[in-house]
Every structure is written in structure tokens, then in C-alpha cells.
Amino acid sequence: MTTVPTGRSRPAITLVVVLLAFVTVPMSISGAAVALPGIGADLHTAGAPLQWVMNAYNLTFASFTLVSGSAADLVGRRRAFVIGCGIFAVGSLAAAAAPSIVLLGIARALSGIGAAGVFASGGAILATSFDGAARTRAFAALGSAAGLGLAAGPTLSGLLVSGLGWRATFGLHAALVAVALAGAGYIAESRAEQRPRLDVTGAVVFVAGLATLVLGSVQGPEWGWASPGVLALLVVGVGLLVLFVVLQARSAAPLLDLTLVKNRRFLALCMVPVVSTFGFVTLLTYLPTYLVGASGFSPQRAGTVLLLMTAPVLLAPPLAGRLVNRGVSARAVITISLVMFAGGNAWLTVIATSSSVAMIAGPLLLTGLGAGLSFGVGDGAAMSLVEPEQAGMATGFLNTMRIGSEAIVIAVYGAVLVSLIRTRVGSQEVAAKVAAGDLTGGDARTLADGFTHALHVALNGTAAVCAIGALAIAAALAPPRRDLAATSSAPKDPQVPTKVA
């Protein structure tokens, strides 16, 4: 059974359209973070309600990605892409016009659902539109696009907030996706030949389970991890996900074909973005807070310093793609990238309140290069393992692992920082303020030292997680012995030699 794209197809335009949408989705995450102070001042809100401008987006994004991917295989990947872009654009426009923090949160949740459709169907479109070396280059470009969105989001948002106000940030996101929609007609449609009905029960259980689990993780630092509400959310979330697996094993047309998860190499490649979350995204989230709060950098200077880590994400994916196309195994490139995460985080423990930019430039560049090498190549390798009719499902699961891990790991990382700071400052409330970059609750030097100690411990822990992840993923990506024996008589694709049946 194959999936053949139908209708007029312009591969170059297809790539540009998908890349533009992929730039915008992560830009809506990093850009919105910069707009939060302006939103709080304009809508007279602060604290947890303000954070839901970010949390609502991440929650729905993570929860609906798998459903969107499986639905794309059934209704058509281009159609799902168009629907996702449309929902994202409407949500962004609603956010730009929101008169209250509640309506803004609802609009951001709607944007997250659209983002799930864009990510799940966009990757599937490239997987079914390109083959071989062209696919590797396409996914490398996709990695650069995602990196560009993360890196450019804060800069563009800062300029717009300063000149036009925070609403212009969401208006820009809507405009960019509208341009992508205008070119969607040049994308060939593709879908699975056998199209059973969508597993609605499985979809509801999965969305409810992951949303509950992510909600519990997000509220953990706010309510307390041992609070009855958080424990109930986490238990219910895990229980629903277990129920989802049971339902999928019994379903004739599952939302997630468990043979995908049983393939160790595909599952290992889906764990790559999870390790990337530990090694890269946590720094992207919390390092600026440390630089501004503890080191006394201006927000603009902190953003400039962060370019040392984000710039390689834009430049390295094409390099990684060329290496793979020239015969270097994707396994080697990915393993090296994860080792770079471990080395970069361990090296960054040299940071102190008085550290110069030159002192931390090395670890930031190393970490950014690791992210750039894994972005795109890992996704391309994962998609080369699946049959075309499962492209949407596979992309949906891969990005669910990516976005879900970001929402959960960032929340846990922040909670760990607060707990470690509290051991030095003695107050949970003060520790929470210090982790957010506010060192006005006591002696500034003592609070800064506590923040530095907590960051060092967290960096060492993250380095250990990345090192273990690198070893485990490298082992799981080793080709089966029958494939090794066959290489002497038949050359194999340097990415992944075997597909899921």
C-alpha cells in the first residue's frame, strides 16, 4: 500500500510554504514570551494568569499533534495543513484583538491546536514529497526553519512591542501563516489509500490524558508537587494514557499504530527531541533569566548573548544534511549532537555572576551546534523508517514527543531550580522570585549566589541525562545484524535501512 501525491505539485514552492509555516509556529512561542510584560501591563494581570498565555498554547499544541497527524493521513495532508494554518491564523488574530486575559488565553489555546495541525501535516507533506538525498536536505531545511523561528521570535517581538505594542506580535504571526496559506495550492495532496474512520474514542482519551498530564506538570510549581490537585492530575493523566495504549492495541484502525512504537530505531529517533529539550530548550528558557537577574545584563544584551547558542541552530542543519548525503550515518551525527549537549551543559557550569561573555561563549556555541546537528536530520531519519501511508501518524507522534516533553521538562526544570534556590535562601516565595529573575527580596549577592548554585546543579544533572540519552539512543539505532551482513553485498541508505512493516 503506497501513498501517491496527486494534483499539481511544485516541490520548491511546497518546501517554501511548509518552511514558512514552520518558522511561525516556534516564533509564536519565543516571541510571546517577550510580549508578556506588555500584556500584563495592558490587561492589568500578572503571575499565573499571565503565564497561561504561554501554557495554553503549549498545552493544546502538545495534546492535539498526534490526533492531527493521524487525521492528516485520512483526510489528506495538504487539507490538514490548510486547516491547521487557518486555525492558527484565526487564533493569532483573536489574540491580537483580545480585550481580556481570559479571552487571550482561549485564543492562544486555539492557536496551539492550529500549530499541532501545521507541524504534524507539514512534516508528512515533506516525507511524501521528497525522497532520498532530497528528503534529507528538505528536513535539514526544516530544522533550520524551526531554529530561525525560535531565534528570531524574541527579536521581532521586541521590536514590535516597542514600536506598535504587544498585539502586533500576534498580528505578525497571523500574517506569516496567511502567506503560507496563499501558496498551499501548489502542494500536492496525499493520503493513505485505506482510510477507515478516525478513532474518535482513542483521540478523546489521548487528548484528555496528555492534556491532564501536561496541566499537572505546569501547575506543579504553582500549587506544589505534593498538593492533592497536582497529584490527581498526574495520576489521571498517566491512567488515561495507559488506557489509550490498551485501546490502540485492540483497535482495528488505531490512532497510533503500536508497531511504530515497537520499532526500536523509530522510538529512539523520537527520543532525540526529548533529549534536546533537556540539553537545549531548558537553557533557551532559563539562561536569559539568570543573565538578567543574577548577572545584571539588560534584556537586550541577554538576547544578544543567546545568539551564541541559537545562531548555530540556523547554520548546522544543512551541514548535517550534507554529511548524511555523503555517507556519514545519521546515527553518528545524532550521537555526536547529543554528546555535545552533555558537554555544553557540563562546561557551562563555569558561569558565575561575574562571568564575561567570552567565558560562556564556548559552551553556548557547543550546545547550539549540537541542537543544529540533530534538528532536521533526526526527523528525516525517523520518517525514512515508516511507510508513506503512516507519514502523518509518525510525524504526529514524533512532534508529540517533542512538544509534550518541552511542556513537562521546562515545568520540572523550573521547579528544581526553585527547590535548589530555597535551600540557600530559606523561603519558597523568595526562591520563586529569584528563579524568575527578581532578586529584590533580600541581599542581592546572597540571592545571586543561590541562583548560581542551583543552576550549576541543574546543569550537571542535565549533562548526565544527555550523556545517558546519547548512549541509549546510539545503542538503539544500531542496525540489525541481518542488515550489517547485507551491507557487504548491497549498499544501504545512510540514514535508516529498514522500514516498519
Nearest 0.5 angstrom please: [X] [atom1] to [Y] [atom2], how far?
X	Y	atom1	atom2	result
Leu215	Asn58	CG	CG	12.5 Å
Thr128	Glu189	OG1	CD	9.0 Å
Ser384	Arg135	OG	CZ	6.0 Å
Asn345	His456	CG	NE2	12.0 Å
Leu306	Leu291	CG	CG	7.5 Å
Leu307	Leu364	CG	CG	10.5 Å

How about [X] and [Y]: do any of their side-chain heavy atoms sit closer than 4.5 Å?
X	Y	answer
Leu366	Leu348	no
Val377	Leu373	no
Phe280	Met309	yes
Leu319	Leu315	no
Phe244	Asp199	no
Asn399	Phe61	no
Met393	Asp257	yes
Phe130	Leu15	yes

Considering all heavy atoms, the nearest [X]-[Y] contact:
X	Y	result
Arg78	Gly185	NH1-O, 3.9 Å
Ala320	Val333	CB-CG1, 4.1 Å
Leu269	Leu398	O-CD1, 3.9 Å
Ala109	Thr60	O-OG1, 2.8 Å
Cys270	Phe397	SG-CD2, 3.7 Å
Ser355	Ala352	OG-N, 2.6 Å

With distance as the sole test, does [X] use its side chain to make a donor-acceptor pair with the main-chain N or O of [Y] at under 3.5 Å?
X	Y	value
Thr335	Ala332	no
Arg331	Ala474	yes
Ser111	Ser92	yes
Tyr286	Val281	no
Ser251	Gln248	no

Phe341 and Phe278: CA distance, side-chain angles, deciding distance, ring pair (Phe, Tyr, Trp, His ring centres under 6.0 Å) verdict: CA-CA 8 Å; Phe341 285 144; Phe278 278 96; over 10 Å; no
Pairing of Asp379 and Arg402 as salt bridge, 4.0 angstrom limit: yes
Thr277 side chain to Ser405 side chain, donor-acceptor N/O pair below 3.5 angstrom: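 Per modelled atom types, Thr277 and Ser405 side chains form a pair under 3.5 Å.
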Side-chain donor-acceptor pair present, Arg77, Ser121, cut-off under 3.5 Å: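 The criterion, which ignores hydrogens and geometry beyond distance, is not satisfied for Ser121 and Arg77.
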Residues 21-29 side chain polar contacts: donor-acceptor under 3.5 Å, at least two apart:
unit_1 : atom_1 : unit_2 : atom_2 : d
Thr24  : OG1    : Leu20  : O      : 2.9
Ser28  : OG     : Arg108 : NH1    : 2.7

Side chain to side chain contact (heavy atoms under 4.5 Å, CB included) evaluation trace for Leu477 with Ile473: CA-CA 6 Å; Leu477 290 178; Ile473 290 173; 3.7 Å; yes
Worked verdict on Phe206 versus Thr400 for side chain to side chain contact (heavy atoms under 4.5 Å, CB included): CA-CA 11 Å; Phe206 179 80; Thr400 295; 3.7 Å; yes
Mind listing the side-chain donor-acceptor pairs of residues 461-468 below 3.5 Å, one per line with the distance, residues two or more places apart or on another chain?
unit_1 : atom_1 : unit_2 : atom_2 : d
Thr462 : OG1    : Ala458 : O      : 2.9

Test side chain to side chain contact (heavy atoms under 4.5 Å, CB included) applied to Ile187 and Thr14, Val82, Ile13, the passing residue: Thr14
Working for side chain to side chain contact (heavy atoms under 4.5 Å, CB included), residues Val214 and Leu210: CA-CA 6 Å; Val214 171; Leu210 187 58; 4.1 Å; yes
Pair Val118-Val18, side chain to side chain contact (heavy atoms under 4.5 Å, CB included): steps then yes or no: CA-CA 8 Å; Val118 170; Val18 173; over 6 Å; no
Geometric cation-pi criterion, Arg301 with Phe297: 6.0 Å, 45°: yes
